[in-house]
Amino acid sequence: AWDDSLDRVADRLRRIFTAAQGTSTFVNLDMEEYHDLELTIAAFTRVLDEQPYRADEAGIVLQAYLPDSFPALQRLVEWAGQRRRAGGGEIKIRLVKGANLAMEKVDAAMHGWEQAPYPTKADTDANYKRCIDWVLTPERTEAVRVGIGSHNLLDVAWAHLLADARGVADRVEIEMLQGMAPSEARTVRDERGRVLLYTPVVAPQDFDVAIGYLFRRLEENSAEDNFLRILGQLQPGTASFDVIAKDWRRSLAARWEAETGRRRSLDRSRPYEPVGVAPFANEPDTDPTSAANRQWALDAIAAGAGSLATPVTTEIEVVDRVVDAARRAQRGWAALAASERRRTLRAVADELARRRGDLLAAMVHEAAKTIAQADPEISEAVDFARYYADRALELESDAAAFDPLGVVAVVPPWNFPVAIPAGGVFAALAAGNAAILKPAPETPRCAEIVAECCRSAGVPTDVMAFVRTPDDDVGRRLVTTVDGVILTGSLDTADLFRSWKPDLRLFAETSGKNALVITPSADLDLAVADLVQSAFGHAGQKCSAASLAICVGDVYESPRFRRQLVDAVESLVIGPVVDPATVVGPTVGTNPRLERALTTLDPGEEWLVAPQRRDGAEHLWSPGIRTGVAPGSWFHLTECFGPVLGLIPARDLDEAIAIQDASPYGLTGGIHTLDPREVATWLDRVEVGNAYVNRVITGAVVQRQPFGGWKQSSVGPGAKAGGPNYVRQLGVWRPDAEGDAERDDERWLAAALASDEHWWAVEFAVDHDPTGLFCEANVFRYRPLPRVGLRAGRDARPVEMARVRAAAARCGVPVVESTVDDETDADFAARLPSLGVERVRVVGSVDDAVRAAAMAARVHLADAPVTADGRVELLHYLREQSVSRTLHRFGNLVSGG
Ligand code: FAD
Ligand code: NAD
């Protein structure tokens, strides 16, 4: 969004400079985040070069903790000299060390990028001195006045002496923050005759903003390495003074040595370096602070994604042939060593990464995704390939044997047109299945490129087939003839598939109606920012999108909250996605639900921001916010899948959680509060697969936040995508023939219970955070199902029943039992809908009547053979949850937040 952002920042500057003209106001551009550095300099120089502002004087700040700052200083001095010689005004450059270090560290850790600032304070100190030393000459200060913004008395004193010695004292000003070190400021004033003090000025209604600012300054100035902490020890002749002086001299001596220029090396215009089978690490997203990367993205979408080569299949016979060929080819694939499948999938990952540009273009053009939304999805696809490749090695167990299902159809949605098809295909392949990828009709090219990557990395053609079918009898044929179906789509589609075949092995991730709870203990600024991003990223067309904000207590009526929200939503850039400035693009079609959500209010509801169709474009809507959404109302409970957000008031946190949990879905959910007790209460009770605390509720990353929902948001065994159990569920675990046959029942049962204890202790009772970020906890954990049905069908052996009862008990899950001796399959089928369970563990065999009843009642029949492996059996009683929790505020770590 570079050019457009530049235009907008420049516009803003023009207005500011115009207002300042003819007054005594001096405009100075402070510097905050690294990603704004180049933009700020570009806007500053552009506008000051324009005729109405050529004579204006204005200031800009450079942060010495950035190695980019020294070259930037040189460029600015050069430019200012030219401007001055052409009759323009002078500028001021304030040199500071940089106050945003903590957030820069967070930004780098979250993205897997190098940190933008220097790694050590010694480097920063050295570079600060280099900048001062370089700029303080009569020639370089001709058009530039220099501000030394620092409380480091040694640096200030040195700059002061240097300025005197070089005859430029009148071009240098020492600048400090009002109230931060008053005695120091007085001393400097007495010595130099003048010191410039800064203080924030805000309107009374924005007083909390000033508090926030002051708090951050205090936090920073009391940080470990900060000079103000040692100011009191500055007694010449003492040991501590000698240490301080020595360090200072060392940084002075090193001032020309610290590296300059960008620290981040990721450059998409260079050829991709394959990673192969190296240990898993998340693939980094494209870093937009690099001009080369921005150009790469624009070139990629201009070049397009190549044309679609696969025609739509309109005949059932063709589908049958593809399935047959896949079935034959699958045996060879499954017979490969797991390490061989892993190697091939790792090669697919490299191939996808190499074709990032094509995938980006396909998503922008086919799925109306913005560059910012599309790019991370490619990283996710690459991660899926590597992560699932590694899981292939875990399918060997002493206590059970694993057979792949056979042929698995992957049926993805259009809204994540690369990562979701990729994830399904790679998981199926890792488990030893053949995969048939049937893309969403809207986004075939995105999926076709994934298929091309599989081929070029060596997956045999029939092992990974690509077929485009319409959503008609041909599509139905595919779904009903394969051995397993991975669907990601709406609950309606899952229900349709279930109605076609009672014994369909369906693994579906379905709809969501996701809410973010905001309590009066939240930081409202952060809550609003996260809410808007969660609600309107990809025009709200994410299954994880926030569609509701449940506002606790006075948050709901808070003018401050509403003003921020409206302001944030109204400033979203709406337009076509080929324009990199766009944040909200068009919806990919509309459905009657979305149409209703965008146009019709229910009793008691009002528009806080009314959605509007843009410029006659059928699918381009500006986002809408409805207030007064009542618990139990249509909007509360219906997935609308587009740019509409509803606000629901709640008296207290209890009521908010009740409203959140009233949804039939349980995909994502969030809370914003700084009160650790509220976080604990919420985490204990919220019924969602992905729970987010004090952050956006979208954007799951493989391994870091395995993704998938509870309740009606998931169909089948329910392992999360990008998590440790996803590959394991795409096959059948059966008793290990050799091991089990030798044992008598009693010993078998004892071994099973011992295995349960073991896996309970090392896997299921444990919070897992394999990513281990310092700034965000990402805990993957298991929660017991509220209750589970237990059906002893024909041929169920008593020892197996004893084994599954014990497993349920180990997990603390109550069971509702039924046996074929007490109740026929037909009677059980009739009773199923009223059992109040979402899962039934089936031992032995049951009729299709039971299967059909379960499908209709949306109950999962866990009918896998009973094994002695606790790693396999205990999963039937548990559901998985990912809890992601921000651990910092503005980069500073907080406990319990
Ligand atoms: P010192 O203690 O000498 O330096 C502390 C600084 O060293 C830290 O702030 C950090 O920049 C750096 N540092 C510390 N540890 C590390 C490490 N491990 N690795 C790398 N670097 C490290 N800051 C801005 O970002 N933008 C502004 O626009 C801005 N305006 C300011 C205006 C004034 C008048 C003043 C006084 C400060 C301003 N600051 C601004 C804050 C400034 O950047 C410093 O953060 C602050 O002054 C502390 O630095 P120091 O030189 O006073 O103290
Ligand atoms: P959809 O249900 O309309 O389609 C999903 C897939 O099913 C497509 O490939 C489609 O072609 C196929 N399909 C539908 N009817 C079919 C038929 N009769 N025969 C054969 N195939 C058929 O969903 P969509 O509109 O593509 O995507 C949006 C939906 O997906 C939303 O409900 C959203 O919540 C859900 N979704 C869920 C997740 C998740 O992880 N839970 C992720 C993304 C999207």
Side-chain angles (χ1 to χ4, degrees), residues 112 266-278 281-288 290 292-310 343-389 410 412 414 416-427 429-430 435 437 439-440 442-461 463-466 468 577-578 580 701-702:
L266 189 82
D267 179 351
R268 296 283 186 222
S269 59
R270 290 207 290 262
Y272 186 79
E273 282 175 31
V275 168
V277 291
N282 290 112
E283 180 74 2
D285 299 337
T286 304
D287 168 13
S290 140
N293 288 344
R294 291 194 297 269
Q295 193 55 47
W296 164 84
L298 292 178
D299 291 348
I301 57 175
S307 46
L308 186 64
T310 314
R343 202 192 49 73
T344 306
L345 285 170
R346 285 303 201 112
V348 174
D350 285 332
E351 196 54 24
L352 283 168
R354 196 178 66 73
R355 296 195 59 189
R356 183 179 278 265
D358 293 340
L359 291 163
L360 184 75
M363 276 190 277
V364 169
H365 297 305
E366 263 186 356
K369 292 207 121 168
T370 60
I371 297 174
Q373 294 284 339
D375 185 75
E377 190 178 332
I378 305 166
S379 311
E380 188 183 0
V382 174
D383 286 349
F384 274 134
R386 294 197 178 123
Y387 182 80
Y388 291 150
V410 178
W414 51 264
F416 282 95
V418 168
I420 289 182
V425 166
F426 303 153
L429 293 176
L437 171 54
E442 298 85 348
T443 52
R445 182 61 187 148
C446 292
E448 192 181 51
I449 298 174
V450 173
E452 288 169 6
C453 290
C454 289
R455 304 245 160 84
S456 40
V459 180
T461 312
V463 170
M464 201 263 120
F466 181 69
R468 296 173 62 200
V577 286
V578 285
V701 174
V702 172

- [ ] Of all the heavy-atom pairs spanning D358 and G304, show the shortest one and how long it is.
- [x] OD1-O, 4.2 Å

Task: S379: partners by side chain to side chain donor-acceptor pair (under 3.5 Å), with sequence neighbours left out - done: D285, R356

- [ ] Using the test side-chain contact (heavy atoms from CB on, under 4.5 Å), find all partners of A297 that sit at least two apart in sequence or belong to another chain.
- [x] L360, I371

Open item on the list: Please enumerate all residues that pass ring-ring contact (aromatic ring centres under 6.0 Å, His included) together with F466, with sequence neighbours excluded.
Closed with: none

Open item on the list: Tell me the closest heavy-atom pair linking L298 and P580, and the distance in Å.
Closed with: CD2-CG, 3.7 Å

TODO: Examine distances only and state if a side-chain atom of E283 and a backbone atom of D383 form a donor-acceptor pair shorter than 3.5 Å.
DONE: no

Task: Close side-chain approach of E273 and D350, heavy atoms under 4.5 Å - done: no

TODO: Could you list the residues that satisfy ring-ring contact (aromatic ring centres under 6.0 Å, His included) with Y388, not counting sequence neighbours?
DONE: F384, Y726

- [ ] For R343, check salt bridge (charged side-chain N to carboxylate O under 4.0 Å, His left out) against everything at least two apart and list the hits.
- [x] E340

- [ ] Report the residues that fulfil side-chain contact (heavy atoms from CB on, under 4.5 Å) with P288, sequence neighbours left out, ordered by chain and then residue number.
- [x] W113

Task: side chain to side chain donor-acceptor pair (under 3.5 Å) partners for E448, two or more places apart - done: T310, R445

Task: Validation row: C453, R355 side chains within 4.5 angstrom (heavy atoms) - done: yes

TODO: State which residues pass salt bridge (charged side-chain N to carboxylate O under 4.0 Å, His left out) with R268; sequence neighbours excluded, sorted by chain then number.
DONE: none

- [ ] Can you see which heavy atom on V348 is nearest to which on C454, and at what distance?
- [x] CG2-CA, 4.0 Å

Open item on the list: How long is the straight-line distance from CZ of R386 back to CG of N282, given to the nearest 0.5 Å?
Closed with: 9.5 Å

Task: Nearest heavy-atom neighbours spanning A305 and A361 - done: N-CB, 3.8 Å

Open item on the list: Less than 4.5 Å apart, side chain to side chain, heavy atoms only: is that true for V450 and F426?
Closed with: yes

Open item on the list: Distance check, rounded to the nearest 0.5 Å: H365 atom NE2 versus I301 atom CD1?
Closed with: 6.0 Å

Open item on the list: I'd like to check M363 versus V577 (side-chain heavy atoms, cut-off strictly below 4.5 Å). Are they in contact?
Closed with: no

TODO: Mind checking the CD-CG spacing from E366 to L308? Nearest 0.5 Å is all I need.
DONE: 7.0 Å

Open item on the list: If the condition is side chain to side chain donor-acceptor pair (under 3.5 Å), which residues does E351 pass it with, not counting sequence neighbours?
Closed with: R354, S456

Task: Residue pair A292 / S269: nearest heavy atoms and the distance that separates them - done: CB-OG, 4.3 Å

TODO: Please name all residues satisfying ring-ring contact (aromatic ring centres under 6.0 Å, His included) with W296, sequence neighbours left out, ordered by chain then number.
DONE: none

TODO: Calculate, to the nearest 0.5 Å, the distance between atoms OH and CD belonging to Y387 and E380 respectively.
DONE: 13.0 Å

TODO: May I have all residue pairs that pass salt bridge (charged side-chain N to carboxylate O under 4.0 Å, His left out) and include part of residues 295-305, sequence neighbours excluded?
DONE: none

Task: Sub-4.5 Å side-chain heavy-atom contact between V364 and T370 - done: no

Task: Expected output: side-chain T443 to main-chain C446 donor-acceptor under 3.5 Å - done: no

TODO: Might you point out which heavy atoms bring E377 and P417 nearest each other, and give the distance in Å?
DONE: OE2-N, 3.1 Å

TODO: Flag the pair S290 / L266 as yes when at least one side-chain heavy-atom distance between them is below 4.5 Å, and no otherwise.
DONE: no

- [ ] With sequence neighbours excluded, tell me which residues meet side chain to side chain donor-acceptor pair (under 3.5 Å) with E442.
- [x] none

